[in-house]
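Step one of this worksheet: look at the structure below.
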Amino acid sequence: MAAAAAGIGLALCTPPLIAQQADDDPELPADEGFSLMREGARLILRGLVSELEPALEEMQDFADEVEPALRAFTEEMGPALARLMSLIDEIGYYQPPEILPNGDIIIRRRGDAPPYVAPAPEDGPDTPGDEIEL
């Protein structure tokens with residue numbers, strides 16, 4: 001990565017020098033100065049891509065490895081997390097989760113948070129406390 005930083009630094013300094021050389025040298029056409037800058041930029045970008053390519057391949061391998069677990073987690077926990085988020089008015093009003101010795105997880109509301117206002121109950125047959133008329 002240090003080589004990339006050095007290359008970028010060189011690239012930032014080189015174009016003005018090339019442009020100045022094109023202005024000073026009557027035998028060097030102005031178009032050639034810009035083509036040299038373009039070629040220098042192309043070489044720098046090619047070098048950056050070649051340095052980043054192994055890291056990108058590792059990242060793709062990691063994503064391929066983790067994808068099935070993330071998909072399963074989303075399918076299993078997605079509805080529960082959506083329900084939890086519907087109950088939380090503002091995540092910043094809560095302390096980090098605490099795991100009790102028996103495995104229960106408690107999410108406490110911070111003491112400086114405003115009073116909690118419960119969301120309106122959802123309409124539907126599965127809502128607890130609803131009476132069914134026969």
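All residue numbers refer to positions in the sequence shown, counting from 1.
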Counting only pairs under 3.5 Å, give me each side-chain donor-acceptor contact of residues 91-102, with atom names and distances, residues two or more places apart or in other chains.
residue	atom	partner	partner atom	Å
Y94	OH	D89	OD1	3.4
Y94	OH	R109	NH1	2.9
E98	OE1	R108	NE	3.2
N102	OD1	D104	N	3.0
N102	ND2	D104	OD2	3.2

- Message: Do V117 and L87 sit in one hydrophobic cluster, given that two such residues count as connected whenever their side-chain heavy atoms are within less than 4.5 Å of each other, even indirectly?
- Response: no

- Item | Gap between atom CG of L81 and atom CD of E76 - 0.5 Å precision | 11.5 Å

Would you list the atom pairs, donor with acceptor, under 3.5 Å between side chains in residues 53-67 and any protein atom, with sequence neighbours excluded?
residue	atom	partner	partner atom	Å
Q60	NE2	D64	OD1	2.9
E67	OE2	R71	NH2	2.6

- Query: Measuring from L84:CG to I107:CD1, what's the distance to the nearest 0.5 Å?
  - Reply: 5.0 Å

- Message: Do R46 and L43 have side chains that approach each other closer than 4.5 Å (heavy atoms only, starting at C-beta)?
- Response: yes

